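Here's the structure we're looking at; comments come further down.
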Amino acid sequence: QVELVESGGGLVQAGGSLRLSCAASGSIFSIYFMGWYRQAPGKQRELVATITSGGSTNYADSVKGRFTISRDNAKNTVHLQMNSLKPEDTAVYYCEAILSIVGGPDGMDYWGGGTLVTVSS
């Protein structure tokens, strides 16, 4: 069994910063890919940022230069540093991991339950 738990969400004023964290736990053999997505009210879930096990990153155009994704492979944790936050960044932020389980199949896809980020104007 694998679990992803996000933390660090909250209420912040426009221009402020937040740091989200996502910790993966359970019978994990290796994590290939971790990412952050978000879903605003009434909108579809969208990609925010992703990072591979080798450290290659990808960002949505809307967050480039403001958000930074990083990971700690030893702790199976991914972080999202969010600076210069805007009201349009308000959403539930979800963590995703693609990983292999000890003694199990490769390429399993897991999601966390989400953490709410609210940016006030």
Side-chain angles (χ1 to χ4, degrees):
Q1 191 75 358
V2 173
E3 186 178 28
L4 271 61
V5 179
E6 301 99 335
S7 61
L11 173 64
V12 64
Q13 287 189 331
S17 299
L18 282 175
R19 179 177 169 87
L20 305 183
S21 296
C22 172
S25 62
S27 301
I28 299 169
F29 179 73
S30 183
I31 300 179
Y32 307 115
F33 167 99
M34 298 189 83
W36 288 97
Y37 297 76
R38 66 187 182 187
Q39 187 166 17
K43 296 187 176 181
Q44 291 188 329
R45 189 173 298 188
E46 63 177 3
L47 179 147
V48 176
T50 64
I51 186 166
T52 68
S53 58
S56 296
T57 58
N58 182 48
Y59 295 92
D61 287 342
S62 60
V63 306
K64 282 180 181 177
R66 300 188 298 122
F67 291 10
T68 302
I69 189 170
S70 61
R71 62 186 284 177
D72 184 336
N73 290 332
K75 296 182 178 180
N76 291 335
T77 300
V78 64
H79 305 285
L80 185 69
Q81 179 66 44
M82 305 186 295
N83 298 328
S84 302
L85 283 160
K86 304 175 181 180
E88 52 263 44
D89 294 318
T90 295
V92 177
Y93 284 70
Y94 297 91
C95 172
E96 182 194 23
I98 296 177
L99 52 86
S100 61
I101 301 172
V102 174
D106 237 353
M108 300 292 290
D109 190 10
Y110 288 88
W111 290 84
T115 186
L116 177 63
V117 171
T118 304
V119 184
S120 63
S121 57

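Bear in mind that the values here come from a model prediction, so they are computed numbers and not experimental data.
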Practice problem: Taking the side chain as every heavy atom from C-beta outward, state whether V63 and R38 have any pair of such atoms under 4.5 Å apart. | Solution: yes
Exercise. Verify the cluster assignment for V117 and V48: are they in a single hydrophobic cluster under the rule of side-chain heavy atoms below 4.5 Å apart?
Key: yes
Quiz item: Roughly how far, to the nearest 0.5 Å, is CG of L11 from CG of L116?
Solution: 9.0 Å
Quiz prompt | Residue pairs passing the side-chain hydrogen bond (donor to acceptor under 3.5 Å, both in side chains) test where at least one lies in residues 20-29, sequence neighbours excluded | solution = S21-H79
Self-check item: Pairs touching residues 110-121 that satisfy side-chain hydrogen bond (donor to acceptor under 3.5 Å, both in side chains), sequence neighbours left out
Solution: none
Exercise. Report yes if the side chains of E96 and C22 come closer than 4.5 Å at any heavy-atom pair, otherwise no.
Key: no
Self-check item: Side chain to side chain, N58 and L47, heavy atoms closer than 4.5 Å
Solution: yes
Would you list the atom pairs, donor with acceptor, under 3.5 Å between side chains in residues 81-88 and any protein atom, with sequence neighbours excluded?
residue, atom, partner, partner atom, Å
Q81, NE2, N83, OD1, 2.9
N83, OD1, S17, OG, 2.9

Quiz item: Which heavy-atom pair separates M34 from C95 by the least distance, and what is that distance?
Solution: CE-SG, 4.3 Å
Quiz item: Hey, mind stepping through V78 and I69 against side-chain contact (heavy atoms from CB on, under 4.5 Å) and telling me if it holds?
Solution: CA-CA 7 Å; V78 64; I69 189 170; 3.7 Å; yes
Practice problem: Rounded to the nearest 0.5 Å, what's the gap from CG on N76 to OG on S30? Could you check? | Solution: 8.5 Å
Quiz item: Between atom CD of E3 and atom CD1 of I28, what is the distance when rounded to the nearest 0.5 Å?
Solution: 10.0 Å
Practice problem: Without swapping roles, check the side chain of R71 against the backbone of T52 for a donor-acceptor pair under 3.5 Å. | Solution: yes
Exercise. Kindly indicate whether the side chain of Y94, heavy atoms from C-beta on, has any atom under 4.5 Å from the side chain of L4.
Key: no
Self-check item: Inter-residue atom distance L99.CG - Y32.OH, 0.5 Å rounding
Solution: 8.0 Å
Quiz item: Of L80, T50, I51, which meets side-chain contact (heavy atoms from CB on, under 4.5 Å) against W36?
Solution: L80
Quiz prompt | Residue pair T68 / Y59: nearest heavy atoms and the distance that separates them | solution = CA-OH, 3.4 Å
Exercise. Say whether V2 and I31 are linked into one hydrophobic cluster, either directly or through other cluster members, by side-chain heavy-atom distances under 4.5 angstrom.
Key: yes
